[in-house]
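The structure appears below as structure tokens.
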Amino acid sequence: MARPELDILNLCRSISMITLTMCVFTSPFVDAVESIETKIQQNVDKGMAYSSLFPGLADLCDVSQPLRDMSKRKRRDNSRSESKEKVNRNKRRQQLKATKVFNNLYYVGADNVSSWAIDTGESIVLVDALNNNRQAQRYIIDGLKSLGLQDKPISHLIITHGHGDHYGGQSLIDSTYSPIVIMSEKEWNWLSKGGDGFSSPNWGERPTRDKGTVHGENITVGNTTITFLDTPGHTPGTLSILFPVVDAMNVKHTAVLWGGTGLNYGPNAARILSYVESTNRMKRIVKENDIDVFLSNHPKRDNSYEKLINLDLSEQNPFIIGSDNVMKIFSMLNHCTYAQYLKATTLSKKSPN
């Protein structure tokens with residue numbers, strides 16, 4: 001290609017990044033330079049191709065609205081929060097109950113935030129502690145009792161990330177069972193510095209620093225080995241886990257519990273890019289480990305709500321979706337968050353600061 005044409009192409013690329021316009025040349029040597037807007041839409045389209053399968057993830061692809069920033073949310077007083085929560089509870093059409101999902105996995109969460117109990121044979125490894133002690137008592141402790149697991153101690157509490165709807169009930173769990181409390185090392189450090197800078201009067205107190213994990217670390221509790229994965233994006237130290245589950249036919253499967261889904265900190269391009277990179281790593285991990293069960297910590301995100309309501313373990317377990325579909329989930333998350341990253345970079349270029 002002639003030097004003048006290269007100079008024109010490079011100039012066009014620079015203009016395209018700033019103005020979000022298509023730069024088209026008639027030269028046979030120069031192709032049209034794709035605009036950022038086009039790239040954004042292409043990634044939205046690729047992500048939304050799976051939205052009918054995973055509707056709880058579709059809002060991540062919505063680039064038509066600004067990303068919410070929870071740190072700028074106005075604080076509500078506690079009495080209003082409790083009143084609103086009571087009204088919301090009364091409006092709910094059906095509450096989730098403590099449910100056996102696999103031979104060694106139980107749902108003990110609410111209908112808007114999850115808690116999962118992994119039965120390791122000798123003890124329970126609990127994943128997330130809900131919003132507060134009231135919920136921890138009602139859904140976790142009472143839920144385990146309704147499942148006949150009241151005599152099995154909770155030896156470990158894994159907190160997927162440092163938002164209060166996942167750690168808020170930990171003080172009751174700690175005082176009742178004295179478990180080892182686990183977050184990623186990065187998340188402990190981040191939370192000690194204030195985390196995302198927002199809170200809710202509905203949340204219980206923060207945990208006291210206990211065990212930190214690093215990417216790829218394993219722990220074995222009883223008959224179960226759990227692998228910890230650093231998956232930053234939702235928060236800087238979001239923790240996801242891999243662990244085995246056993247179905248009603250005693251067939252072993254591999255589950256991933258995705259530790260954080262939403263983008264709730266505004267157009268922070270660097271942080272969103274870490275989410276994109278996490279989903280790229282997860283696609284490789286899914287393939288390497290033949291992961292065929294996908295779980296998250298909000299039941300409306302991973303379709304758990306509908307699955308739990310209709311669950312019949314005498315039939316095909318709906319939580320077993322196959323590794324191809326788990327791969328589609330991470331492909332969807334990857335494309336949607338990459339679209340949001342591209343949008344965030346264009347906003348930063350427009351900013352006077």
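A donor-acceptor pair is defined here as one N or O able to donate and one able to accept, closer than 3.5 Å; no such pair exists between the side chain of Asp174 and the backbone of Gln170. For the pair Asp302 (side chain) and Leu257 (backbone), a donor-acceptor distance under 3.5 Å is absent. In this structure a side-chain-to-backbone donor-acceptor pair under 3.5 Å is missing from Thr120 to Thr224. In this structure, the side chain of Ser331 does not engage the main chain of Met327 through any donor-acceptor pair within 3.5 Å. When atom types are taken as modelled, the side chain of Ser314 and the backbone of Asp312 share no donor-acceptor pair closer than 3.5 angstrom. Panel note: side chain Glu217, backbone Thr213; no donor-acceptor pair is recorded below 3.5 Å. Counting only distance, with no hydrogens or angles, the side chain of Asp111 and the backbone of Gln95 share no donor-acceptor pair below 3.5 Å. In terms of modelled atom types and a separation under 3.5 Å, the side chain of Asn133 and the main chain of Leu172 share a donor-acceptor contact. Side-chain N or O atoms of Asn317 include one that pairs as donor or acceptor with a backbone N or O of Val101 at under 3.5 Å.
Remark: Phe330 engages Trp258, Phe294 in a ring-ring contact (aromatic ring centres under 6.0 Å, His included) (not counting sequence neighbours). Asp45 meets the side chain to side chain contact (heavy atoms under 4.5 Å, CB included) test with Gln41; sequence neighbours excluded. Residues that satisfy the ring-ring contact (aromatic ring centres under 6.0 Å, His included) test with His253, not counting sequence neighbours, are absent from this structure. In terms of the side chain to side chain contact (heavy atoms under 4.5 Å, CB included) criterion, residue partners of Asn250 (sequence neighbours excluded) are, by chain and number, Asn103, Val246. Every side chain to side chain contact (heavy atoms under 4.5 Å, CB included) that Asp62 has, sequence neighbours left out, goes to Ser64, Gln65. For Asp196, the salt bridge (Lys or Arg N to Asp or Glu O under 4.0 Å) partners two or more places apart in sequence, or in a different chain, are Arg271. Legend: residues meeting salt bridge (Lys or Arg N to Asp or Glu O under 4.0 Å) with Arg68, ordered by chain and number and at least two apart, are absent. Remark: Arg301 pairs with Asp59 by the salt bridge (Lys or Arg N to Asp or Glu O under 4.0 Å) rule, at least two apart or across chains. Here Lys152 pairs with Asp119 under the salt bridge (Lys or Arg N to Asp or Glu O under 4.0 Å) rule; sequence neighbours left out.
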### Task
Could you please spell out the steps behind the side chain to side chain donor-acceptor pair (under 3.5 Å) verdict for Asn297 and Ser114?
CA-CA 5 Å; Asn297 46 23; Ser114 304; over 6 Å; no
### Task
Any chance you could lay out the ring-ring contact (aromatic ring centres under 6.0 Å, His included) test for Tyr107 and Trp116, step after step, and finish with the verdict?
CA-CA 5 Å; Tyr107 185 83; Trp116 296 94; 5.0 Å; yes
### Task
Check the pair Leu263 / Tyr265 against side-chain contact (heavy atoms from CB on, under 4.5 Å), numbers first and verdict last.
CA-CA 6 Å; Leu263 301 174; Tyr265 41 81; 3.2 Å; yes
### Message
Assess the residue pair His298 and Asp165 against the criterion (side-chain contact (heavy atoms from CB on, under 4.5 Å)); give the C-alpha distance rounded to whole Å, side-chain angles, the decisive distance to 0.1 Å, and a yes or no.
### Response
CA-CA 10 Å; His298 287 281; Asp165 51 338; 3.3 Å; yes
Just distance, no hydrogens or angles: give the donor-acceptor pairs under 3.5 Å from side chains in residues 140-147, sequence neighbours left out.
{"residue": "Asp142", "atom": "OD1", "partner": "Gln137", "partner atom": "NE2", "Å": "2.8"}
{"residue": "Ser146", "atom": "OG", "partner": "Gly143", "partner atom": "O", "Å": "2.7"}

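Screening Ile158, Val127, Leu157 for a side-chain contact (heavy atoms from CB on, under 4.5 Å) involving Ile182 leaves a single residue, Ile158.
Once rounded to the nearest 0.5 Å, the distance linking CG of Leu273 with CG of Leu342 reads 9.5 Å. To the nearest 0.5 angstrom, Asn334 atom CG is 11.5 Å from Arg281 atom CZ. Interatomic distance, Tyr338 OH to Glu277 CD, rounded to the nearest 0.5 Å: 11.0 Å.
Using modelled atom types and a 3.5 Å distance limit, the side chains of Asp128 and Thr160 yield a donor-acceptor pair.
A ring-ring contact (aromatic ring centres under 6.0 Å, His included) check over residues 219-241, counting only residues at least two apart or in different chains, returns the pairs His161-His234, His163-His234.
Both Leu67 and Met332 belong to a single network of hydrophobic side chains, linked directly or stepwise wherever heavy atoms of I, L, V, M, F, W or Y lie under 4.5 Å apart.
Closest non-hydrogen pair, Asn303 versus Gly56, comes out as OD1-N, 4.3 Å.
A cation-pi arrangement, defined by a distance under 6.0 Å to the six-membered ring centre and an angle within 45 degrees of its axis, is absent between Lys328 and Phe54.
Taking Ile, Leu, Val, Met, Phe, Trp and Tyr as hydrophobic and joining them when side-chain heavy atoms fall under 4.5 Å apart, one finds Met249 in a cluster with Val251.
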